[in-house]
Amino acid sequence: MSSPQGRFRAGAKKLDRLVLTTVEAHGKHLFYRWENQSLLHVHLGLYGKFRSHPCPPPKPQGAVRLRIVGDAHAFDLNGPTICEIISSERLEILCRRLGPDPLRRDADPEQVWQRIRKSRASIGALLLDQSVISGVGNVYRAEVLFVNQIHPNRWGKSLSEQEFGAIWETLYQWLRIGVKYNRIITAHSKQRGKPGRLNGAERLLVYKKIHCPDCGAEIKSWELGSRKIYACDFCQN
DNA sequence: AAGAATGTTATGTA
DNA sequence: CTACATAACATTCT
């Protein structure tokens with residue numbers, strides 16, 4: 001996040017010379033541990049954003065929930081769903097209800113599979129269920145089902161173990177690419193060079209697309225698990 | 001300038 | 001009890 005040293009203000013609290021000791025992510029929940037033992041929990045939600053400023057930072061713009069000021073740089077946290085100081089008990093409760101995160105070393109895909117194989121819920125809904133698997137999100141959900149040719153409406157229990165294995169493996173690879181380039185990239189063009197150079201339209205396969213990149217058919221979209229899903233009825237079944 | 005959105009949880013129902 | 005579906009919330013961007 002920021003330089004690990006800085007001042008830090010949260011709500012009525014203003015703390016001096018805090019030093020960041022560890023940063024950890026579990027799914028989309030972020031946890032910042034500070035030297036004074038305090039624990040900051042952040043969830044960006046749909047539009048939360050960290051913004052960097054040179055010092056001295058300008059007046060806070062919009063919903064700034066947190067400002068960290070170092071010697072040379074400052075960071076604002078705008079519009080997160082969650083920004084709170086929590087106890088370690090709360091941290092434990094939070095993490096206990098989160099399913100495995102493919103990016104984490106401690107992630108056990110078998111746990112996810114055991115939930116999916118017994119479920120009558122659609123695989124599309126299951127991939128967004130944070131107690132089943134965490135960190136996927138709406139874009140990767142559409143993309144991972146497309147590339148593995150699995151229809152979002154299929155029941156979890158209809159998937160083969162091999163199909164689930166392929167989903168997990170794809171997510172594992174893609175999420176790492178996402179971290180590396182700091183953006184979601186699922187389409188890899190051989191022509192265009194580095195994925196970092198792809199524009200928004202090029203770097204995804206089905207999400208918000210009109211036509212299927214494989215067969216050219218119209219991409220269908222509908223609500224699934226209270227989010228919009230995109231799929232090709234011909235290539236995914 | 002209305003409405004969708006790269007998200008999650010609480011609550012209700014079968 | 002479990003497991004699903006739906007509503008509610010929050011702010012930004014187009």
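Each chain gets a letter, A, B and so on, in the order the sequences are listed, and its residues count up from 1. This one's a predicted model, so the numbers in the text were calculated from it and none came from an experiment.
- Rounded to the nearest 0.5 Å, atoms SG (A:Cys212) and CZ (A:Phe146) are 4.0 Å apart.
- Among the atoms of the strands shown, none is found under 4.0 Å from any heavy atom of A:Arg141.
- Between the C1' atom of C:dT6 and the CD atom of A:Glu223 lies a distance of 11 Å, rounded to the nearest Å.
- Taking the P atoms as reference points, B:dA1 lies 23 Å from C:dA10, given to the whole Å.
- Counting only distance, with no hydrogens or angles, the side chain of A:Gln236 and the backbone of A:Pro152 share no donor-acceptor pair below 3.5 Å.
- Figure legend: A:Arg33 and A:Phe31 shown without cation-pi pairing, the cationic atom not lying both under 6.0 angstrom from the six-membered ring centre and within 45 degrees of its axis.
- Side-chain nitrogen and oxygen atoms of A:Arg227 include at least one within less than 4.0 Å of the OP1 or OP2 phosphate oxygen of B:dG7.
- What separates NE2 of A:His29 from P of B:dT8 is a distance of 6 Å, to the nearest Å.
- Summarising the base pairing, B:dG3 is matched to C:dC13 through a Watson-Crick or G-U wobble pair whose two defining distances lie under 3.5 Å.
- Projected onto DNA chain C by closest heavy-atom contact, A:Ser226 and A:Arg120 fall at different nucleotides, the more 5' of which corresponds to A:Arg120.
- As rounded to whole Å, 16 Å separates atom P of B:dG7 from atom NE2 of A:His26.
- Nearest-nucleotide positions on DNA chain B for A:Leu128 and A:Tyr47 put A:Tyr47 closer to the 5' end.
- Distance CD (A:Gln130) to C1' (C:dC4): 16 Å, rounded to an integer number of Å.
- With 3.5 Å as the limit, one finds no donor-acceptor pair spanning the side chains of A:His53 and A:His73.
- Phosphate proximity of C:dC9 to A:His43: absent, as no side-chain N or O sits under 4.0 Å from OP1 or OP2.
- Among the nucleotides C:dC13, B:dT9, B:dT8, the one closest to the side chain of A:Lys49 is C:dC13.
- For A:Arg115 and C:dA3, the shortest distance from a side-chain N or O to OP1 or OP2 is not below 4.0 Å.
- Atom CG in A:Leu94 sits about 17 Å away from atom P in B:dG7, given to the nearest Å.
- When the P atom of C:dA10 is taken as reference, atom CG of A:Asn78 falls 16 Å away, rounded to whole Å.
- Separating the CG atom of A:Leu46 from the C1' atom of C:dC13 is a distance of 12 Å, rounded to the nearest angstrom.
- Residue A:Arg120 qualifies as open at atom CZ: its count of foreign heavy atoms under 6.0 Å is 12 or below.
- Taking every side-chain heavy atom of A:Ser119 into account, C:dC4 is the closest of C:dC4, B:dG7, C:dT12.
- Between the CZ atom of A:Arg90 and the P atom of B:dT9 there is a distance of 9 Å, rounded to whole Å.
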